[in-house]
Amino acid sequence: MKQEKQKKHTQNVQRKYCYCGKDRTLTTLNLQCIQCKNWFHVECLKNPKLIVSKTSIVPFMTNYRFTCQLCSPKEIFEKVTASWKDAINAAFANLSVERLRKEGLINKYGHGTSIIPEGYWFDKKDGICPFLDKHWEALCTNRARTPTWWATVGSCMYTSKDNYIAKDEHARSAASEFILSDRDLFNLRPTGQKFKEFYFEN
Ligand SMILES: [Zn+2]
Ligand SMILES: [Zn+2]
């Protein structure tokens, strides 16, 4: 039981993570090691060349496999194809953090509340899709921008009732405003740890 808990390593009581032993942050990317499940600040990586371009990463992305230098002689980082849900979750997280920062609930060091307050609604049109469009390279690795991808995002949110709560739940639609059902940002982590081959959608 105890081991099971440790393995998840989403949060620890001491709030000590990374090589540096400091707390997780909400405004820069923290990478979870596939082996030890510890989290590492991107700015603390031992190999500064591990991440090739800044546009290939964004906080709360989960479409990667990372191994830390405590688990391997060298750090390993590779991108994998994200599900739409992974990409959409990252969009919700970043839009929420942006608003938390504006409201002074997260400071400039990226510390503060990791719980999205009630009422932080975002819709496909003005929130999620523009964010995905802007961070496509980071979040939608190898995905083709099909003419209907906006509709795909909408229907993903609409149908994933376990993941997204609609403001107008009784009249839930692809155009609804949504919030993550698990509002703790620190619970977002790479789940598709099995290596998934790149694939294309029609
Ligand atoms: Zn660190
Ligand atoms: Zn590790």
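Start at 1 with the first residue, then count along the sequence. Just so you know, ligand 1 is whichever comes first in the structure, and atom 1 is the first atom listed for that ligand.
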A.B. asks: Who are the ring-ring contact (aromatic ring centres under 6.0 Å, His included) partners of Phe92, not counting sequence neighbours?
C.D. replies: Tyr164
A.B. asks: Under 3.5 Å, is there a donor-acceptor pair between the Thr27 and Thr25 side chains?
C.D. replies: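 No, Thr25 and Thr27 have no side-chain donor paired with an acceptor closer than 3.5 Å.
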A.B. asks: Given atoms SG of Cys68 and SG of Cys33, what angle do they subtend at the Zn ion (ligand 2), to the nearest 10 degrees?
C.D. replies: 110°
A.B. asks: Taking the Zn ion (ligand 2) as the vertex, measure the angle between atom SG in Cys36 and atom SG in Cys71; round to 10°.
C.D. replies: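 An angle of 110° at the metal.
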A.B. asks: Starting at CE of Met157, measure out to CG of Leu180 and round the result to the nearest 0.5 Å.
C.D. replies: 10.5 Å
A.B. asks: Near the Zn ion (ligand 1), which protein N/O/S atoms are found at less than 2.8 Å?
C.D. replies: Cys18 SG, Cys20 SG, His41 ND1, Cys44 SG
A.B. asks: State, without any angle test, whether Asn63 and Asp86 hold a side-chain donor-acceptor pair at a distance under 3.5 Å.
C.D. replies: no
A.B. asks: Just to verify, what does Trp150 make a ring-ring contact (aromatic ring centres under 6.0 Å, His included) with, not counting sequence neighbours?
C.D. replies: none
A.B. asks: Can you sort out the partners of Tyr109 under ring-ring contact (aromatic ring centres under 6.0 Å, His included), two or more places apart, ordered by chain and number?
C.D. replies: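 Here no residue qualifies.
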A.B. asks: Taking atom types as modelled and ignoring hydrogens, do the side chains of Ser56 and Glu137 form a donor-acceptor contact shorter than 3.5 angstrom?
C.D. replies: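 The criterion, which ignores hydrogens and geometry beyond distance, is not satisfied for Glu137 and Ser56.
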